[in-house]
Every structure is written in C-alpha cells, then in structure tokens.
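A quick write-up on the structure given underneath.
For clarity, every value in this text was computed on a predicted model and none was experimentally measured.
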2 protein chains.
Amino acid sequence: MSRNTKEDVVAAAGRLFATRGYEGTSMRDLGGELGLLGSSLYSHVGSKQDLLVEVVGRGAELFQRSIDQAGEVDGTARDRLRSMIAGHLDVVLDHRDEGRTFLNEARSLDSEHRSEILSARNRYESAFRTVLEEGTADGSIMMDTEPAIGAIFLLSILNAVERWYRDDGKLSRADLVDEVLEFSGVL
Amino acid sequence: MSRNTKEDVVAAAGRLFATRGYEGTSMRDLGGELGLLGSSLYSHVGSKQDLLVEVVGRGAELFQRSIDQAGEVDGTARDRLRSMIAGHLDVVLDHRDEGRTFLNEARSLDSEHRSEILSARNRYESAFRTVLEEGTADGSIMMDTEPAIGAIFLLSILNAVERWYRDDGKLSRADLVDEVLEFSGVL
DNA sequence: GTCTAACAAACGAACGTTCGTTGGCAAGAG
DNA sequence: CTCTTGCCAACGAACGTTCGTTTGTTAGAC
C-alpha cells in the first residue's frame with residue numbers, strides 16, 4: 001500500500017484541470033482520482049487555488065526553459081526558430097496537462113498570479129517576434145508576413161497542435177516541425 | 001422600466017460563458033448581469049444547460065451559414081478559400097461570444113449535443129480541406145503543405161484571431177485576410 | 001532490539017456557503 | 001382576464017475547507 005505524495009496530487013490536478021477545467025474540477029473529484037477523500041488533499045496542499053498556481057507555474061517554467069535552450073543554439077536565426085518550434089512542440093506534447101492548463105486556465109488564477117502569467121506569455125511571444133526580425137535581417141528567414149503578425153500566427157498553430165496531433169500517427173514530430181516551417185514560408 | 005426578453009438572457013449568457021466559462025458562471029451571476037435574481041431566469045429558460053445548448057447552437061449556425069455562403073462563390077478554389085477565411089473572421093469577430101463559446105465550452109455540453117457539435121466542427125474542417133484539394137487540382141492554390149494539415153493550420157490561426165485582433169487597430173479585416181493567405185503561401 | 005516520540009497521510013464528520021432549481025404570488029401589459 | 005415577467009422563500013445537493021482523530025512509518029534513546 002503506497003501512499004500518495006504531493007507530486008501525485010499536483011499531477012492528478014493537472015490532468016483534471018486540463019480536461020475538465022479548474023472550475024469543472026472539485027476537490028472530491030480530485031480525491032477520487034487518487035483514491036482519497038477530498039478533505040485528505042489538504043494534507044498535501046493549502047488550497048485548490050494553490051494547486052492551480054502550482055500546475056500553471058510548471059507550465060510556465062517548461063516554456064521558459066524551452067525558449068532559453070533555443071536561445072543558446074548557435075547558427076542563423078532560422079536555426080534558432082526551428083529549435084524554438086521543436087521545443088514548443090515538445091512541451092505541449094510531452095506535458096499536455098501543464099501546457100493546456102497554462103494556456104487555458106489562467107483566467108481562474110487570482111489577479112496577481114494571472115498577470116504574472118500574462119507577462120510570461122508576452123515575453124514568450126516577444127522571443128518569437130525577435131527571432132523573426134533577426135532572421136529577416138540576416139537573410140536566413142524570408143517571411144512575407146511582418147514579424148509581429150508572423151509570431152502570432154506561428155504560436156496559434158503551435159498551441160493548437162495538442163488538440164489534434166498523436167505521436168502514434170504517420171507524422172513524426174520532426175516532420176511536423178518541417179510542416180510548420182514550410183507552411184509559414186520559412187522553408 | 002423595460003423588461004427582459006429571452007433574447008437578452010441568451011445574449012448575456014453568451015457573454016458570461018465566453019469570458020468566465022460555463023462552469024464559472026452561476027445563474028445568480030447571470031441574473032445579476034440583467035438586474036434580475038437568478039431564479040427569475042427560469043421564466044425564460046428551462047435550465048442552465050439549455051442556455052449553453054442555445055448559445056453553442058447559435059455559434060454552430062453562424063459558422064455553417066458562413067461556409068454555405070462561401071461555397072456559392074463562383075470563381076477558382078482560391079476565391080472560395082478567401083471567402084471562407086473572410087467569413088470565418090466575421091463570425092469570430094462580430095459574434096465573439098457565440099464563437100468563443102462554440103469553440104471552447106463544448107466540453108460542458110451533455111454527450112448528445114457535444115457529439116453533434118463535434119461532427120459539425122469536423123464537417124467545417126472538411127470544407128477547408130476540400131477547397132485546398134480543389135485549389136491544388138485547378139492550380140489556383142499553391143500550398144506546400146498537404147490539404148489535411150493545411151486546413152488544420154489555417155483553422156488554428158483563424159480560431160485564435162479573436163484573442164488578439166481589435167477592429168480599431170491599424171490592421172483592417174481585409175488586410176488580415178491577405179496576411180493569412182500570404183502567411184500560408186497561397187498569395 | 002525494543003520503546004517511544006514525532007511525523008506524514010488519510011479518514012469521517014461537520015461547517016458555512018453557493019449551486020441549480022422549484023413553486024407560489026404579485027405587478028403590469030395587451 | 002390572461003399572459004408574461006419577476007420577486008421571494010425555500011429546497012436538496014454540492015462546493016471548498018476545517019477539525020479532531022487514526023494509522024503507518026521513521027528516528028533516536030535506552
């Protein structure tokens with residue numbers, strides 16, 4: 001009989017928040033997921049809101065780490081863009097729960113944490129805009145669309161990937177990266 | 001003292017469902033929005049779920065009408081694609097509440113209505129895929145991406161527009177249509 | 001090695017509040 | 001008079017959370 005750790009609780013919370021939404025998930029639901037009573041969760045966590053903060057925070061951290069790694073890639077701006085896209089797909093596909101919760105459930109955060117997440121998202125979008133600008137400058141990226149719009153379009157595609165892509169399909173992740181680059185006129 | 005009609009109730013429900021989500025909206029919230037008690041809403045509507053069905057249904061109808069109109073456009077497949085994109089943007093921007101609720105709150109529908117909406121979405125995506133195939137065949141569309149993926153990418157961009165586009169900005173809707181076409185390599 | 005003190009994890013009952021919903025009644029418009 | 005609209009009071013269920021208690025494990029003292 002193995003008992004549950006805080007890690008288990010946060011993981012299960014991510015799963016339920018991602019699929020049913022924060023408001024659509026009750027502490028009793030979450031307890032049931034772990035074979036516990038709802039009240040037992042309070043041995044591990046201070047409040048339901050704390051759980052959301054934790055899950056969303058993990059999502060934010062994953063995206064942040066991804067963009068940091070891509071920034072260290074040397075080569076042309078196009079190489080860096082490719083790395084950013086691949087990294088984004090990995091986050092969104094390998095950490096579906098945290099990614100979805102980060103992207104969709106931020107509105108349920110208290111205003112302090114919500115605005116933190118919002119500026120994290122803005123910084124993230126800026127990184128995409130910047131690499132597009134650099135690629136236009138050094139000639140490694142020929143995109144007909146201006147960087148500000150192109151970054152938004154790219155992220156729209158990337159954020160939606162989790163809704164339809166399956167790893168066991170015919171399209172590999174590497175091919176998916178190429179498809180995205182090709183679609184946006186970079187390749 | 002003007003009294004409220006069912007129309008007002010459905011419109012307010014759309015507004016709240018779109019911004020706070022279905023589960024995040026209480027009947028008392030909704031009543032407050034109209035200067036009523038929550039219980040008074042039951043003079044207009046059978047249940048909260050009925051309201052969601054109504055709002056989502058309106059969203060579905062708007063998208064359906066848009067795609068039907070675009071289908072009647074004569075010219076090349078590219079002309080029809082342009083019309084589909086413009087129509088989608090109009091739905092999503094002129095009927096933000098119904099559009100958002102249709103796109104984001106379907107999971108809160110009872111399973112019967114949910115699967116109806118899901119197949120409506122599939123038919124809608126099929127229409128995009130088909131026009132891309134036709135455009136490849138008649139040579140009016142040169143897209144490097146295969147139609148199935150291209151349709152998904154296009155819809156990912158279009159569905160996200162409502163999150164960032166403002167009508168009072170520098171970018172007109174017509175220009176936005178061009179940007180989308182250009183980004184996807186059609187123009 | 002045993003006894004004991006501490007701790008983490010979970011239970012079960014209950015708290016106050018909010019939820020969706022119902023039913024009876026009043027005011028006003030056609 | 002009737003029909004629509006809304007108020008009011010109330011319902012049972014579910015909500016997040018707190019509390020005192022129980023259980024199993026871990027660590028140190030004897």
- Message: With heavy-atom distances below 4.5 Å as the criterion, would you say the side chains of A:Y165 and A:L93 are in contact?
- Response: yes

Please classify the nucleic acid contact of [X] as base, sugar-phosphate, or nothing, using heavy-atom distances under 4.0 Å.
X     : value
B:S47 : sugar-phosphate
A:G35 : sugar-phosphate
B:L36 : sugar-phosphate

Of the listed nucleotides ([options]), which one gets closest to any side-chain atom of [X]?
X     : options                : answer
A:Y42 : D:dT18, C:dC19, C:dA10 : D:dT18
A:K48 : D:dG6, C:dA10, D:dG16  : D:dG16
B:S40 : C:dA10, D:dT17, D:dC7  : D:dC7
A:L37 : C:dA14, C:dG20, C:dC11 : C:dC11

Rounded to whole angstrom units, what separation is found between the [atom1] atom of [X] and the [atom2] atom of [N]?
X     : N      : atom1 : atom2 : result
A:Q49 : D:dT17 : CD    : C1'   : 14 Å
A:D50 : D:dT17 : CG    : P     : 8 Å
B:R28 : D:dC7  : CZ    : P     : 13 Å
A:E23 : D:dC15 : CD    : P     : 13 Å
B:L52 : C:dG20 : CG    : C1'   : 14 Å
A:M27 : C:dA10 : CE    : P     : 13 Å
B:D8  : D:dT4  : CG    : P     : 16 Å
B:H44 : C:dG20 : NE2   : C1'   : 17 Å

- Hey, does the side-chain of A:S43 have a donor or acceptor N/O within less than 3.5 Å of a partner on the base of C:dA10? yes

- Task: Classify the side chain of B:S39 versus the base of D:dC8 as yes if they form a donor-acceptor pair under 3.5 Å and no if they do not.
- Result: yes

Determine all donor-acceptor pairs shorter than 3.5 Å in which one atom belongs to a side chain in residues 149-161 of chain A; sequence neighbours excluded.
| unit_1 | atom_1 | unit_2 | atom_2 | d |
| --- | --- | --- | --- | --- |
| A:S156 | OG | A:I152 | O | 2.8 |
| A:N159 | OD1 | A:H88 | NE2 | 2.9 |
| A:N159 | ND2 | A:L155 | O | 3.2 |

- B:N4 vs D:dT5: side-chain N/O to OP1/OP2 distance below 4.0 Å: no

- Task: Walk me through it: do B:L30 and B:L51 pass the test side chain to side chain contact (heavy atoms under 4.5 Å, CB included)?
- Result: CA-CA 11 Å; B:L30 183 48; B:L51 272 174; 3.5 Å; yes

- Item | Cluster overlap B:W164 with B:I85, hydrophobic side-chain contacts below 4.5 Å | yes

- Can the positive tip of A:R123 be found less than 6.0 Å from the middle of the six-membered ring of A:F63, inside 45° of the ring normal? no

